[in-house]
Number of protein chains: 2
Amino acid sequence: MAKKPDEIAKALGVSITTVRLVLGGKAEKYRISKATQARIREYVEEHGVKFDLTARSLKLKRTNTFGLIIPRLANPFFAKLSEELEHRCRETGYQLIISCSNSDEETEKELASGLVQRNVDGLFVVSSTSDSQQHLGKTISKPMVFLDRDYGNTDAPIITSSNFEGAKDLAAAIAKHADGEPVYFLIGGSNQPTITERARGYLEVMPQNTEKDWTLQSARNRTQDGEQMMLELWEKLGKAPQNLMVSSLPVLEGALAVLREKLGHIPPQLRLATFDDNKMLSFLPNEIWSVKQNEAEWAEAALEAMTQTMSSEKAHSKTIATRLIHRPKDQ
Amino acid sequence: MAKKPDEIAKALGVSITTVRLVLGGKAEKYRISKATQARIREYVEEHGVKFDLTARSLKLKRTNTFGLIIPRLANPFFAKLSEELEHRCRETGYQLIISCSNSDEETEKELASGLVQRNVDGLFVVSSTSDSQQHLGKTISKPMVFLDRDYGNTDAPIITSSNFEGAKDLAAAIAKHADGEPVYFLIGGSNQPTITERARGYLEVMPQNTEKDWTLQSARNRTQDGEQMMLELWEKLGKAPQNLMVSSLPVLEGALAVLREKLGHIPPQLRLATFDDNKMLSFLPNEIWSVKQNEAEWAEAALEAMTQTMSSEKAHSKTIATRLIHRPKDQ
DNA sequence: TTGAAAGCGCTAACAT
DNA sequence: ATGTTAGCGCTTTCAA
């Protein structure tokens, strides 16, 4: 069982300070004798040590802890991002504390103030609304880095994916193979900045859209929103579309579920384009393009921005490039 | 900006103790005058308070914090479980700290001792190996609850899914529709107790298997393991199987990727059975059965076991029932 | 009805 | 080359 410093000191007949100096790597600086060092290290080798980080934190006013607030861990993108960020934080000597706001403004505020009371050294936040981002920016006097959602109302650094460029690439890719047929775009969560950027990218490469509106919108981006939008589209067309772009995977799930219900199957000649990549997209026989976000690079950029903010450097916001992935149609 | 208790005291001309008593809900007990209470509350209403939980923890030797060690957040099951557990912990007044071991024994030990140094009040662990579980059981003198993996070498409570029963149901379902054809089983991670239970369930309802071996095994359960096992099976059969059961989703992804490469498509008449459920399974045109685990119930059971262990009650291990889901073949 | 004081385990500056 | 001490902000007990 790990011994506490005072126990070690007593057992070896030296002072607590000596033990701490040696174990804290300050032995050379204070020129503790080699002999004493050896005795202490040997004892520790055998019994182990147990430092109390709580007391250390109280003294140093620093917990070596960061908070991360995301909407949901059930969202694979946020889960992967959290994993990468947790890993990098740990490498840098920080423990990451992950909490889910469930996209609720109130919960988000409560989480933030809870983490502040726990004296985290900094806060990463995927903010659910413009208001809450603004509120946090004003209320929290800790280093902060915002992730994913840029509402344009904070001075803190923001890490985002290149949603606009990604959307342009995605839309261009599917349009090129669309044989002039419309490329409908189901937009879920149209009030989120992430999503409006994607919509903007789509419009940029779809000039045809200005005459006839090929987009459908929904306030949120859950499976049921995808269902609802596809029902609307079906109503309008009286049949399945030939080309479909969606703003996120849950929307795709909903949209395809409706087609399967209407037709008994997902039409294999339907061309698809979606944000977020997932291995299970290969389950579809369809030709499909997807936009993959780079979570590892995100985590790196986020941590760098945090480090800069903590050393009161001016941290720059950063946009992470996405990658277009193409899966050809089955034979 | 939130004020600290001493600032409030100074501003109102009362002692720090008085402020703390009122804000700590002990006003009645110490009979602080209504007037003073009102003044303090009013001040707080306007300016906010900021308590330092670190100092509180040091004094009370209790951090209101639990640790959770899982292999990976990128695994959707663990992500969902973490989300549910975090939510329930928060409701109970605890902050959950999630860390990923990446299925590495050393990392797992380091994480555990790191969390102990941070004085978590209890530890939830999905242990990667029998050794590490045993090691933690001996080393850590904190309330512990193990999750998912039962290596049978600890006294601590363990929460698992009903893998055996789930596998029986799953195997029986696909066997019933197999027209007497073999139901091959790709087993990834065959040294994990979770997986051996699943294998045991399969064997229980596949007496035919005793003559001819319909199972293939791999040490781990990643996509590439699924690929490798399917390659082996293809080698053996010279064609695609008609019925396929797999021990987890990554294995399924790998197996289907191989079939698509061999055939140019995933054969739609192939019957599938898999552990873990996911909405994207509906992307497949195939008839498919899946076993869904109940993460919410897991979280509840885990927290209950933790609460019991902390109040030195004998906590009981618990098995959480799974649910069989059937998706019919496309028309 | 309110205030003062000790002590949790640590760090850092200062003594020996 | 080693030891002593003040104080971080909180809770708890005792004093006024």
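Each chain gets a letter, A, B and so on, in the order its sequence line appears, and its residues count up from 1.
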Discussion item. Under 3.5 Å, is there a donor on one side chain and an acceptor on the other for A:T18 and A:S15?
Written reply: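 Looking only at side-chain atoms, A:S15 and A:T18 do form a donor-acceptor pair, the distance falling under 3.5 Å.
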Show the distances under 3.5 angstrom between N or O atoms of the protein and N or O atoms of nucleotides 5-7 of chain D.
from  : atom 1 : to    : atom 2 : distance (Å)
D:dG7 : N2     : A:K59 : NZ     : 3.2

Worksheet item: Can you list the residues that meet the side chain to side chain donor-acceptor pair (under 3.5 Å) rule with A:T319, with sequence neighbours excluded?
Response: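 Partners of A:T319 by the side chain to side chain donor-acceptor pair (under 3.5 Å) criterion come out as none, since no residue qualifies.
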Worksheet entry | Partners passing side chain to side chain donor-acceptor pair (under 3.5 Å) against B:S82 (at least two apart in sequence or in another chain) |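 With sequence neighbours excluded, B:S82 shows a side chain to side chain donor-acceptor pair (under 3.5 Å) to no residue whatsoever.
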Separation of [N] [atom2] from [X] [atom1] (nearest whole Å):
X	N	atom1	atom2	answer
A:R20	D:dA1	CZ	C1'	19 Å
B:I40	C:dT1	CD1	C1'	12 Å
A:L60	C:dC10	CG	P	12 Å
A:L12	D:dG3	CG	C1'	16 Å
B:I8	D:dG9	CD1	C1'	14 Å
A:N64	C:dT11	CG	P	11 Å
B:L23	D:dT11	CG	C1'	14 Å
B:I16	D:dT13	CD1	P	19 Å

Of the candidate nucleotides [options], which contains the atom at the shortest distance from the side chain of [X]?
X	options	result
A:S15	D:dT11, C:dC8, D:dG3	D:dG3
B:V14	D:dT11, C:dC10, C:dG3	C:dG3
B:T18	C:dT2, D:dT11, C:dC10	C:dT2
A:L58	D:dG3, C:dT11, D:dG9	D:dG9
B:F51	D:dC10, D:dC8, C:dC10	D:dC10

Discussion item. Filter on salt bridge (charged side-chain N to carboxylate O under 4.0 Å, His left out), then keep only pairs touching residues 307-317 of chain A, sequence neighbours left out; what's left?
Written reply: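 Qualifying pairs, neighbours excluded: none.
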Worksheet item: Can you pull the salt bridge (charged side-chain N to carboxylate O under 4.0 Å, His left out) pairs that have at least one residue in residues 62-77 of chain A, sequence neighbours excluded?
Response: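 Applying salt bridge (charged side-chain N to carboxylate O under 4.0 Å, His left out) to every pair that reaches into residues 62-77 of chain A, excluding sequence neighbours, yields A:R72-B:E83.
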Worksheet entry | ring-ring contact (aromatic ring centres under 6.0 Å, His included) partners for B:Y151, two or more places apart |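 Partners of B:Y151 by the ring-ring contact (aromatic ring centres under 6.0 Å, His included) criterion come out as none, since no residue qualifies.
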Item to complete: Tell me, please, which residues at least two apart from A:Y94 pass ring-ring contact (aromatic ring centres under 6.0 Å, His included).
Response: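 ring-ring contact (aromatic ring centres under 6.0 Å, His included) list for A:Y94, sorted by chain: A:F66.
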Discussion item. Categorize B:T36 for me: base, sugar-phosphate, or nothing, with a 4.0 angstrom heavy-atom threshold over every strand shown.
Written reply: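 Here B:T36 touches the backbone only, sparing every base.
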Worksheet item: Centroid-to-centroid, B:F124 to B:W298, below 6.0 Å?
Response: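 No, the ring of B:F124 stays outside the 6.0 Å limit from the ring of B:W298, centre to centre.
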Worksheet item: Of B:E300, B:E295, B:E304, which meets salt bridge (Lys or Arg N to Asp or Glu O under 4.0 Å) against B:R88?
Response: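 The option that passes is B:E300.
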Item to complete: Return the 5'-most residue of the pair A:R56, B:A55 with respect to DNA chain C, ranking by each residue's nearest nucleotide.
Response: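 This one resolves to B:A55.
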Fill in: N/O (side chain, A:K61) to phosphate O (OP1/OP2, D:dG9) under 4.0 Å
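Yes, because at least one side-chain N or O of A:K61 sits under 4.0 Å from OP1 or OP2 of D:dG9.
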Worksheet item: If we fit an axis to the first five pairs and another to the last five of the helix from C:dT1-D:dA16 to C:dT16-D:dA1, what angle do they make, to the nearest 10°?
Response: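 If I round to tens, the end axes sit 50° apart.
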Worksheet item: For A:V49, which residues count as a side-chain contact (heavy atoms from CB on, under 4.5 Å) partner, sequence neighbours excluded?
Response: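 Expected list: A:I8, A:L23, A:V44, A:F51.
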